[in-house]
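Data block below; observations after.
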Amino acid sequence: MQTSALPDLAHTATKPVHWLATAAAMAAVVALAGLLQPRTATATATAPEKRTSTPVAAPDPAEVDFPLECGGAGTTVAEQAPGDLDGDGRPETVAVVHCDAGSGTPPSGIYVLTQGSGAAPRVVATLVDPADRKTVTDFAVREGRVSATLLGYSSLEVPRCCPDQEEQASWRYRGKTFVRTTGDLARAV
């Protein structure tokens, strides 16, 4: 081993005073870092704009007098579905209604109901008139569109229990009226 020609360096022989000076310097750095911390963040996330109005309920078909000739038998709301059909932010109700017959399959009507602020619900459109003698199945309201399967009869000789025609129909509100599209106009059941 070769010996150094240089004198011993002071840092090679540590003494307790060196350890105390190092500890005091470290404590000063930590304290200074604590004092120089950035201020507490004051930014707050803004909540999305809240609507102050309460949601509007869809019109209740139980409160409506439907334009059906039932001879005093009353009406039955077979199906109903809410939906904003005209894009005004207020839901309408679409109802499938027929006379309250004791037996058989009475023809159905499809009606669109609306309700103004504080007013009673009312029929604003008839999509299927019971006079057309159709039975409504597969009824739905989705994304502003009303759809249904309409069952009917090709002639008066066909028994009223057994419809022999099926028609797919849908309606969308355009401008100031409901526009109907159909498919499978005379497909046999």
Side-chain angles (χ1 to χ4, degrees), residues 47-101 104-156 158-189:
E49 187 175 322
K50 293 182 181 179
R51 295 183 184 185
T52 56
S53 62
T54 58
V56 178
D60 183 3
E63 299 176 20
V64 175
D65 289 325
F66 292 97
L68 285 169
E69 296 294 327
C70 296
T75 59
T76 297
V77 176
E79 296 184 68
Q80 65 181 7
D84 183 7
L85 302 175
D86 58 5
D88 67 353
R90 297 176 62 97
E92 288 77 33
T93 297
V94 183
V96 177
V97 184
H98 59 77
C99 290
D100 191 14
T105 308
S108 302
I110 299 179
Y111 302 99
V112 178
L113 312 176
T114 190
Q115 184 173 7
S117 298
R122 61 189 175 94
V123 174
V124 292
T126 300
L127 304 181
V128 173
D129 190 334
D132 296 337
R133 309 202 55 76
K134 303 286 184 179
T135 300
V136 177
T137 63
D138 300 327
F139 166 75
V141 176
R142 287 188 203 98
E143 299 174 1
R145 183 174 66 108
V146 179
S147 63
T149 300
L150 307 177
L151 303 178
Y153 306 94
S154 60
S155 71
L156 292 176
V158 176
R160 296 299 132 196
C161 67
C162 311
D164 64 342
Q165 290 185 328
E166 179 180 296
E167 178 182 0
Q168 304 298 319
S170 66
W171 298 263
R172 277 201 184 275
Y173 188 77
R174 301 269 191 243
K176 295 184 184 240
T177 187
F178 284 91
V179 177
R180 178 179 173 173
T181 58
T182 58
D184 301 326
L185 292 176
R187 191 177 85 198
V189 176

To the nearest 0.5 Å, tell me how far [X] [atom1] sits from [Y] [atom2].
| X | Y | atom1 | atom2 | answer |
| --- | --- | --- | --- | --- |
| Cys161 | Tyr153 | SG | OH | 7.0 Å |
| Glu69 | Thr75 | CD | OG1 | 12.0 Å |
| Leu127 | Ser147 | CG | OG | 11.0 Å |
| Asp65 | Arg122 | CG | CZ | 14.0 Å |
| Glu166 | Leu151 | CD | CG | 6.0 Å |

Could you verify whether a donor N or O on one side chain and an acceptor N or O on the other, from Ser108 and Thr135, lie under 3.5 Å apart?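 Thr135 and Ser108 do not have a side-chain donor-acceptor pair below 3.5 Å.
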Work out which heavy atom in Val141 is nearest to a heavy atom in Gly83; give both atom names and the distance.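 Reported closest heavy-atom pair: CG1-CA, 4.2 Å.
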Looking at every non-hydrogen atom in both residues, tell me the closest pair between Cys162 and Val158 and how far apart they are.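 Heavy-atom minimum between the residues: O-CG1, 3.3 Å.
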Please examine the side chains of Thr114 and Pro121, heavy atoms only from C-beta on, and report whether any two atoms are closer than 4.5 Å.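 No; the side chains remain at least 4.5 Å from each other.
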Can you check whether Leu113 reaches Val123 side chain to side chain, under 4.5 Å on heavy atoms?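 Yes, at least one pair of side-chain atoms sits under 4.5 Å.
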Test side-chain contact (heavy atoms from CB on, under 4.5 Å) on Thr126 and Phe66 and set out the steps. CA-CA 10 Å; Thr126 300; Phe66 292 97; over 6 Å; no
Hey, is CZ on Arg172 packed in by over 12 heavy atoms from elsewhere, all under 6.0 Å?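 Result for CZ/Arg172: enclosed.
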Short question: side chain of Asp138, backbone of Ala148 - any donor-acceptor pair under 3.5 Å?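 Side chain of Asp138 to backbone of Ala148: no pair is present.
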Derivation of the side-chain contact (heavy atoms from CB on, under 4.5 Å) call for Thr76 and Val97: CA-CA 6 Å; Thr76 297; Val97 184; 6.0 Å; no
Parallel, tilted or perpendicular: which describes the rings of Tyr173 and Phe178, with under 30° parallel and over 60° perpendicular?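 Rings of Tyr173 and Phe178: perpendicular, over 60°.
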List, one per line, each side-chain donor-acceptor pair under 3.5 Å for residues 86-95, sequence neighbours excluded.
{"unit_1": "Asp86", "atom_1": "OD1", "unit_2": "Asp88", "atom_2": "N", "d": "3.3"}
{"unit_1": "Asp88", "atom_1": "OD1", "unit_2": "Arg90", "atom_2": "N", "d": "2.9"}
{"unit_1": "Arg90", "atom_1": "NH2", "unit_2": "Gln115", "atom_2": "O", "d": "3.0"}
{"unit_1": "Glu92", "atom_1": "OE1", "unit_2": "Leu85", "atom_2": "N", "d": "2.7"}
{"unit_1": "Thr93", "atom_1": "OG1", "unit_2": "Pro59", "atom_2": "O", "d": "2.7"}

Using the rule given for side-chain contact (heavy atoms from CB on, under 4.5 Å), can you reason through Trp171 versus Ile110, listing the C-alpha separation, both sets of side-chain angles and the distance that settles it, and then say yes or no? CA-CA 11 Å; Trp171 298 263; Ile110 299 179; 4.1 Å; yes
Report the C-alpha distance between Thr149 and Val136 in whole Å, list the side-chain angles of each, state the deciding distance to 0.1 Å, and finish with yes or no for side-chain contact (heavy atoms from CB on, under 4.5 Å). CA-CA 6 Å; Thr149 300; Val136 177; over 6 Å; no
Could you give all pairs that pass the salt bridge (Lys or Arg N to Asp or Glu O under 4.0 Å) test and reach residues 124-134, with sequence neighbours left out?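 Checked against salt bridge (Lys or Arg N to Asp or Glu O under 4.0 Å) - neighbours excluded - the pairs reaching residues 124-134 are Lys134-Glu167.
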